[in-house]
Amino acid sequence: MVPSSGGTRDHPRPTVRPSRAASLPVRVLATALTTGALLLTAACSDGDGGSAAESETASTPATQTTTTSPTTTPSASPTPDLTAAGARNALITEADIEDYWDQVENPQKWRDSLLIGEVDAAAFLSGKSEAADCQRLIDSLYDETLLGRPSGASALTGFEEGDSRLLYQVAAYQKDDLDDAMKWLKSLPETCDQFTLTGGDGGKRTVQVVEASLPEEGDARQGLTVTVKGTSSGDPVTLTLDVAAVRIGTDAITVTHGGLDGANHDTTEAAVGQGTPRLEEVLAGRTPQATPTGVE
């Protein structure tokens with residue numbers, strides 16, 4: 001097992017975030033707008049366009065999480081054992097990821113847009129992809145559909161630290177769908193290693209997708225780092241996101257983390273390293289213990 005790198009508030013972990021003075025001369029004016037679907041489109045070298053389905057959830061302000069109850073269809077196999085309460089219990093907290101993250105009440109609003117200076121991120125990450133796989137990735141960033149639409153219980157929470165965001169989901173899926181989604185993620189560093197994203201303003205963004213290491217947790221796992229480089233109001237801008245998924249049977253956790261300051265890989269590894277055992281505890285019929293503040 002590769003242990004998750006950690007730190008404490010007295011001894012913070014080093015980050016790999018690029019200097020804001022070098023890559024972000026513009027000021028972030030706001031972090032989120034009203035709820036709705038973030039429709040991201042891209043331009044690639046081959047394939048047909050496509051987009052991931054948007055998931056619908058209900059807000060639960062008291063717990064600052066979003067949950068959905070299991071759904072069934074006539075052709076669906078029996079729903080997994082994960083319950084809505086269990087999915088909520090399996091979510092991580094600020095103590096699990098350390099640093100100075102604050103839990104937010106409604107992380108779904110991140111799908112809408114992020115103001116970068118005077119440019120909306122919907123324009124910065126907007127266009128048409130000719131490659132369905134690359135399009136699907138762009139459409140599912142900061143969405144509940146990274147591994148497709150959950151077939152059973154689902155819970156979502158989000159955290160923010162400065163201009164960085166972390167979206168964390170626990171959900172149940174149909175086995176074949178989950179297996180296919182994990183294979184799709186694994187293929188992206190090859191099929192979408194570098195492509196062009198055409199913004200709504202006609203600007204071109206260069207997107208790179210590389211594989212990222214994760215702790216040896218769960219039955220299967222896949223990590224990616226997605227980097228989008230372009231300009232905002234004539235200034236160079238780099239958006240860096242870590243994407244992680246860990247499968248446990250027919251359930252999975254997903255993490256999307258990063259921002260204009262870069263992605264702290266230690267935080268991503270901590271979310272996976274602390275979150276996977278929480279889900280395993282839930283699936284074993286136990287309630288995970290809270291992580292003490294300042295203790296990893």
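Sequence positions, counted from 1, serve as the residue numbers for this chain. Quick caveat: nothing in here was measured; it's all calculated off a predicted structure.
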OG1-CG distance between Thr240 and Leu260, expressed to the nearest 0.5 angstrom = 8.5 Å
ask   = Can you check whether Gly86's main-chain N or O pairs, donor with acceptor, with Thr83's side chain at less than 3.5 Å?
value = yes
request  = Find out whether Pro107 and Thr157 are in side-chain contact, i.e. whether some heavy atom of one side chain is under 4.5 Å from a heavy atom of the other.
outcome  = no
Side-chain donor or acceptor of Tyr142 paired with backbone N/O of Arg165 under 3.5 Å = yes
ask   = Can you check whether Leu137's main-chain N or O pairs, donor with acceptor, with Ser140's side chain at less than 3.5 Å?
value = yes
remark   = Nearest heavy-atom contact between Leu185 and Ala245 is CD1-CB, 3.6 Å
key: 4.5 Å side-chain heavy-atom contact, Ile253 and Gln169   = no
task = Mind checking the CG-CG spacing from Leu167 to Leu141? Nearest 0.5 Å is all I need.
result = 10.5 Å
ask   = Do Val282 and Leu82 pass the side-chain contact (heavy atoms from CB on, under 4.5 Å) test, and can you show the C-alpha distance, the side-chain angles, and the key distance before you say yes or no?
value = CA-CA 8 Å; Val282 166; Leu82 183 68; 4.0 Å; yes
query = If you measure from the Lys or Arg side-chain nitrogens to the Asp or Glu carboxylate oxygens, is any gap between Asp251 and Arg247 under 4.0 Å?
reply = no
query = Can you tell me how far CD of Glu161 sits from CD1 of Ile97, rounded to the nearest 0.5 angstrom?
reply = 8.0 Å
task = Could you tell me whether the side chain of Asp96 and the main chain of Thr93 form a donor-acceptor pair under 3.5 Å?
result = yes
remark   = All heavy atoms of Arg278 vs all of Leu91, minimum pair found to be NE-O, 3.1 Å
remark   = On a heavy-atom basis, the closest approach of Val246 and Glu217 is CG1-O, 3.6 Å
task = State, yes or no, whether a side-chain contact exists between His257 and Leu241 at a heavy-atom distance under 4.5 Å.
result = no
query = Taking side chain as C-beta onward, heavy atoms only, is Val209 less than 4.5 Å from Thr225?
reply = no
query = Glu281 side chain to Arg286 main-chain N or O, any donor-acceptor pair under 3.5 Å?
reply = no
inquiry  = Quick check for you: to the nearest 0.5 Å, what is the distance between Thr191 atom OG1 and Asp133 atom CG?
reply    = 4.5 Å
task = Test Ile92 against Phe159 for side-chain contact (heavy atoms from CB on, under 4.5 Å), laying out the working first.
result = CA-CA 10 Å; Ile92 60 172; Phe159 307 87; 3.9 Å; yes
Between Glu144 and Ser154: side-chain donor-acceptor atoms closer than 3.5 Å = no
key: Nearest atoms (heavy-atom pairs only) where Val255 meets Ala271   = CG2-CB, 4.2 Å
task = Supply the atom-to-atom distance Arg205 CZ to Thr227 OG1, rounded to the nearest 0.5 angstrom.
result = 15.5 Å
request  = Taking all heavy atoms of Ile248 and all of Gly218, pick out the closest pair and write down the distance.
outcome  = CG1-CA, 4.1 Å
message = Quick one, Val243 with Leu146, criterion side-chain contact (heavy atoms from CB on, under 4.5 Å). Give me CA distance, side-chain angles, the key distance, then yes/no.
response = CA-CA 9 Å; Val243 178; Leu146 181 66; 3.5 Å; yes
inquiry  = Quick one: does any side-chain atom of Ser151 pair with a main-chain N or O of Gln174 as donor and acceptor, under 3.5 Å?
reply    = yes
inquiry  = Is any side-chain heavy atom of Thr231 closer than 4.5 Å to one of Val237?
reply    = no
ask   = Could you give the distance from OG1 (Thr238) to CD (Gln208), rounded to the nearest 0.5 Å?
value = 10.0 Å
Given Thr268, Asn264, Thr256, the one that forms side chain to side chain donor-acceptor pair (under 3.5 Å) with Asp242 = Thr268
ask   = Taking Arg88 for the side chain and Ala155 for the main chain, is one N or O donor matched with an acceptor at less than 3.5 Å?
value = no
request  = Determine yes or no for a side-chain-to-main-chain donor-acceptor pair under 3.5 angstrom, with Arg149 supplying the side chain and Tyr173 the backbone.
outcome  = no
Closest non-hydrogen atom pair between Gly262 and Ser164, with its separation = O-OG, 4.0 Å
inquiry  = Would Thr254 and Leu147 count as a side-chain contact (heavy atoms from CB on, under 4.5 Å) here? Give the steps.
reply    = CA-CA 8 Å; Thr254 57; Leu147 296 178; 3.4 Å; yes
